[in-house]
S.K.: 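One structure, as structure tokens, below. Some questions next.
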Amino acid sequence: MEDFLLRLREAVSQELHLPAETPLPVSHTPFDQKGDITITLFGLAKRLGKNPAELAQHLQVILPRRLPEIADTELVKGFLNIRLSDAYRLAFLQRPPRPVIDPQPETIILEYPSPNTNKPLHLGHLRNIFLGQSIGRILEARGHTVIPVCLFNDRGTNICKSMWAWKELAHGATPETTGVKGDHFVGDYYVAYAKAQKEAVEALVRSGMTPEQAEKEARPAREVLKMLELWEAGDPETLALWKKMNQWVYEGFETTFRRLDVHFKKYYYESEVFHQARHIVEQGLAMGVFVRHPDGSVHAHLEEAGLGDKVILRANGTALYITQDLAVAEQKSRDFQFDRSVYVVGNEQDYHFKVLFEILRRLGAPGSDKLYHLSYGMVELPSGRMKSREGTVVDADPLLDEMREAARKAAQDAVKSLTLPPEEAENLYEAVGQGALRYHILRVDPRKKIVFNPEESVALQGDTGPFIQYTHARLRKLLRDAELAGFSLEEKTSDLKEGLIEPERAMVKQLWRFNTALEEAARNYNPAEVAHYAFQTAQRFSAYYQQVPILKETRPDVRNARLLLTRRVGEYLALSLHLLGIQAPEKM
RNA sequence: GUUCCCGUAGCUCAGCUGGAUAGAGCAACAGCCUUCUAAGCUGUGGGCCGCAGGUUCGAAUCCUGCCGGGAACGCCA
């Protein structure tokens, strides 16, 4: 397809004597119109001082002469619709899908999901992971080299809160003694801290203190602060506890990462890089990017960039979040030679990244002009935002379990249920459960917030991941049966006597759109474009499958052509699902 | 208050850098399993594209203003 588009553009530019780089309005023809490729003539005609009709007349004569794959052209209003030949379609079907490589392949660092180490992963992290993973695969398909990295926010008051509560309440309990997954185990103490703090504050308020003062004066808060100071001072006992609890969390994360098939090339730890902050501050001061105020604090004045006065170092000399991110950015450029660096982080941090990128630019950091914040909307519940303090957070692990169980139930309730070996069945339920969740989240534009409705998320019918998986599985079964029957699935030219029928032409037309979807998904960092493509492809094939006999077709040439088409549709579906991080089961 | 994002069918979402009668899914209703897996297919109803201007041969799409919803603006992360 792409070769044709290239030659078409070339032919049009030459015939109309247009400058080489003129962008031409060439697009896929809508399905309700006859034709495959459309040239929109309004703008061109205006430029050339002709009317669309006479322009069309010229092109209609000249294009079929230069491009033999054109079967027919038709002018509808200002649109020149080009219909391609069946022979070209059949030639196209000889080849498996080939993603078009970006003309300038890059090495791209992709950072996600960068969790805190004080509580388990939740639904918000899942959106982040699904996006990161999918964008990574989409960029790789376009020929880029993707380096996925994960930053652990493993220090600070948050983890100290869990540590405090564990010391106070656990009596030596561990994930091993309780059988609780490590990240959840630590998270439970984070919740316990919040509860203890709340109670302490309430008691102080009852004895006459203002709420603001009580927040600071309550024993849990005071002791957590003390613990943080001990940590920063390198107190061995505190460090040992910190290491132990973080380790529990990493083990828990690792289990979930494995379940989600996410892998990173490198992990960064805030606790390791934050020491480097100091020298970046010195460098910034020397360059005049930062200014030290009389109280000792260091600021970046970004007023003329519309970003205000940003504090980089506290008056007491300690680093802030932004300072650490500067250090991480520097560390990345020491570790890798990259052309682009992408951060997958929620849109609540839009301001933070504007500031971060602006400062890196001013510091002249390597690659500072190739930074991108892949900003995505929050995941909310019908009841509102998720609040860990209010216990309304949807944790990732139990959600994944629920999705798997929903898939199990659907499989058992299915009209034509399948019997699979137990292990295979378990893998299938997991794949379908995740397929449902991933698709449900990836089908919406990343920038938009998602109101997560549990009932809708477990839906397996209609515009869902499992519908696409199901379409794929059925089609694979058909191909297996064809093989058993000894029918040809070979990629040889089908000597079709009567040509293709309209539904087949439309099906191929759908396959031709793949690279447009992929290119746009990569350009816009938007997996939803691939999701829509996958759904439309499945939908169109399901309708075709319903109305046209494939395996049962008796004319061998027609049957073989249909089998070849079916095989290609399966490959495009499997590839699209892969780009979304969704498995394409052989049976379901 | 300043900045940013969002507003399309009852609900959830598409609609690409302006283009053909605004599309899917869910929900509702009516059909289709002795025929390749009914997690499927076919059909019906359902829309001042938030409002008002502007640019244009042409605007859901671009610009301005307004209305409504959300977020960010810490010596928190």
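Residue numbers start from 1 in every chain, and the chains themselves are labelled A, B, ... in the order their sequence lines are given, proteins ahead of strands.
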S.K.: Please work out if A:Glu270 contacts a base, only the sugar-phosphate, or nothing of the nucleic acid, heavy-atom cut-off 4.0 Å.
M.R.: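 Sugar-phosphate, backbone atoms only, no base.
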S.K.: Could you check whether A:Asp32 gets within reach of a base, just the sugar-phosphate, or nothing at all, counting any heavy atom under 4.0 Å?
M.R.: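 Base: the residue A:Asp32, judged by heavy atoms under 4.0 Å, touches a nucleobase.
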S.K.: A:Lys77 NZ to B:G58 P: how many Å, rounded?
M.R.: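 Result: 15 Å.
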S.K.: Starting from P on B:C26, measure out to CD on A:Glu456 and report it in whole angstrom.
M.R.: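 Distance check: A:Glu456 CD to B:C26 P gives 12 Å.
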S.K.: May I have the distance from A:Phe42 (atom CZ) to B:G18 (atom C1'), rounded to whole angstrom?
M.R.: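 Taking CZ of A:Phe42 and C1' of B:G18, I get 12 Å after rounding.
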S.K.: Tell me whether the side-chain N/O atoms of A:Arg155 come closer than 4.0 Å to OP1 or OP2 in B:A77.
M.R.: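 The answer is no; no side-chain N or O of A:Arg155 sits under 4.0 Å from OP1 or OP2.
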S.K.: Can you tell me whether the base of B:C11 sits syn or anti, using the 90° cut around 0 to define syn?
M.R.: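 Anti for B:C11; the angle lies over 90° from 0.
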S.K.: Using the six-membered ring wherever Trp is involved, compare the ring planes of A:Trp231 and A:Trp242 and label them parallel, tilted or perpendicular (cut-offs 30° and 60°).
M.R.: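 The rings of A:Trp231 and A:Trp242 stand perpendicular, inter-plane angle above 60°.
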S.K.: Any idea which of B:U37, B:C4, B:A39 is nearest the A:Ala411 side chain?
M.R.: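 So the nucleotide nearest the side chain must be B:A39.
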S.K.: Rounded to whole Å, how long is the line connecting atom CZ of A:Phe467 with atom P of B:A38?
M.R.: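 About 12 Å, once rounded to whole Å.
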S.K.: Would you kindly give the CD1-to-P distance between A:Ile550 and B:C36, to the nearest whole Å?
M.R.: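 To the nearest whole Å, that distance equals 12 Å.
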S.K.: Which residue, A:Leu475 or A:Tyr351, contacts RNA chain B at a nucleotide closer to its 5' end, judged by nearest heavy atom?
M.R.: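 On the 5' side of the pair lies A:Leu475.
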S.K.: side-chain contact (heavy atoms from CB on, under 4.5 Å) between A:Asp463 and A:Tyr439: does it pass, once the steps are laid out?
M.R.: CA-CA 9 Å; A:Asp463 187 5; A:Tyr439 186 87; 2.6 Å; yes
S.K.: Checking A:His28 against A:Thr516: is there a side-chain donor and acceptor pair closer than 3.5 Å?
M.R.: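 Yes, side-chain donor-acceptor contact under 3.5 Å.
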S.K.: If you look at every strand shown and take non-hydrogen atoms under 4.0 Å, does A:Ala517 touch a base, only sugar-phosphate, or nothing?
M.R.: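 No contact at all - A:Ala517 keeps every heavy atom at 4.0 Å or more from the nucleic acid.
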S.K.: In terms of heavy-atom contacts, does CZ of A:Arg278 have more than 12 from other residues, nucleotides or ligands at under 6.0 Å?
M.R.: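 Open: at most 12 neighbouring heavy atoms sit under 6.0 Å from CZ of A:Arg278.
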S.K.: Looking at A:Tyr376, does any N or O in its side chain come under 4.0 Å of the phosphate oxygens OP1/OP2 on B:C5?
M.R.: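 It does not, given that no N or O in the side chain of A:Tyr376 lies less than 4.0 Å from OP1 or OP2 of B:C5.
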S.K.: Report yes if a donor N or O on one partner sits less than 3.5 Å from an acceptor N or O on the other, where the partners are the side chain of A:Glu455 and the base of B:U12; otherwise report no.
M.R.: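 Donor-acceptor pair under 3.5 Å: no.
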S.K.: Look at A:Arg447 and B:C6 and indicate whether a side-chain polar atom (N or O) is within less than 4.0 Å of OP1 or OP2.
M.R.: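 Affirmative; the distance criterion is met.
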S.K.: Once you apply the 3.5 Å cut-off to both distances, tell me the Watson-Crick or G-U wobble partner of B:G1, or none.
M.R.: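 Check on B:G1: paired to B:C73, both distances under 3.5 Å.
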S.K.: Under 4.0 Å, heavy atoms only, any strand: does A:Met588 hit a base, just the sugar-phosphate, or nothing?
M.R.: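 Counting heavy atoms under 4.0 Å across all strands, the contact made by A:Met588 includes a base.
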S.K.: Could you check whether any side-chain heavy atom of A:Leu126 comes within less than 4.5 Å of a side-chain heavy atom of A:Leu437, counting everything from C-beta outward?
M.R.: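 Sidechains of A:Leu437 and A:Leu126: in contact.
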S.K.: Here's a test of your reading of the structure: between A:Ser297 and A:Ser27, which maps to the more 5' nucleotide of RNA chain B?
M.R.: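 Result of the comparison: A:Ser27.
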S.K.: Go through the side-chain N and O atoms of A:His352 and A:Asp325 and say whether any donor and acceptor fall under 3.5 Å apart.
M.R.: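 Yes.
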S.K.: Please state whether the phosphate of B:G25, meaning OP1 or OP2, lies under 4.0 angstrom from any side-chain nitrogen or oxygen of A:Gln539.
M.R.: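 Affirmative; the distance criterion is met.
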S.K.: Provide, to the nearest angstrom, the distance between the CG atom belonging to A:Leu478 and the P atom belonging to B:A38.
M.R.: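 My rounded result for the distance is 11 Å.
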S.K.: Hey, is the side chain of A:Lys477 poking within less than 4.0 Å of OP1 or OP2 on B:U37, counting only N and O atoms?
M.R.: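 Looking at the OP1 and OP2 atoms of B:U37, one of them is under 4.0 Å from a side-chain N or O of A:Lys477.
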S.K.: Using whole Å, what does the distance between atom P of nucleotide B:C36 and atom CD of A:Glu553 come to?
M.R.: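 The distance from CD of A:Glu553 to P of B:C36 comes to 15 Å, rounded to the nearest Å.
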S.K.: For A:Gln349 and B:G74, give me the distance from atom CD to atom C1', rounded to whole Å.
M.R.: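 Rounded to the whole Å, the gap is 14 Å.
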S.K.: Would you say B:C36 has OP1 or OP2 under 4.0 Å from some side-chain N or O of A:Arg562?
M.R.: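 For B:C36, OP1/OP2 do not have a side-chain N/O of A:Arg562 under 4.0 Å.
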S.K.: Any side-chain N or O of A:Lys448 less than 4.0 Å from the OP1 or OP2 oxygen of B:G7?
M.R.: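 Answer is yes, contact under 4.0 Å.
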S.K.: According to a strict under-4.0 Å criterion, is A:Tyr321 in side-chain N/O contact with OP1 or OP2 of B:A77?
M.R.: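 A:Tyr321 to B:A77 OP1/OP2: no side-chain N or O under 4.0 Å.
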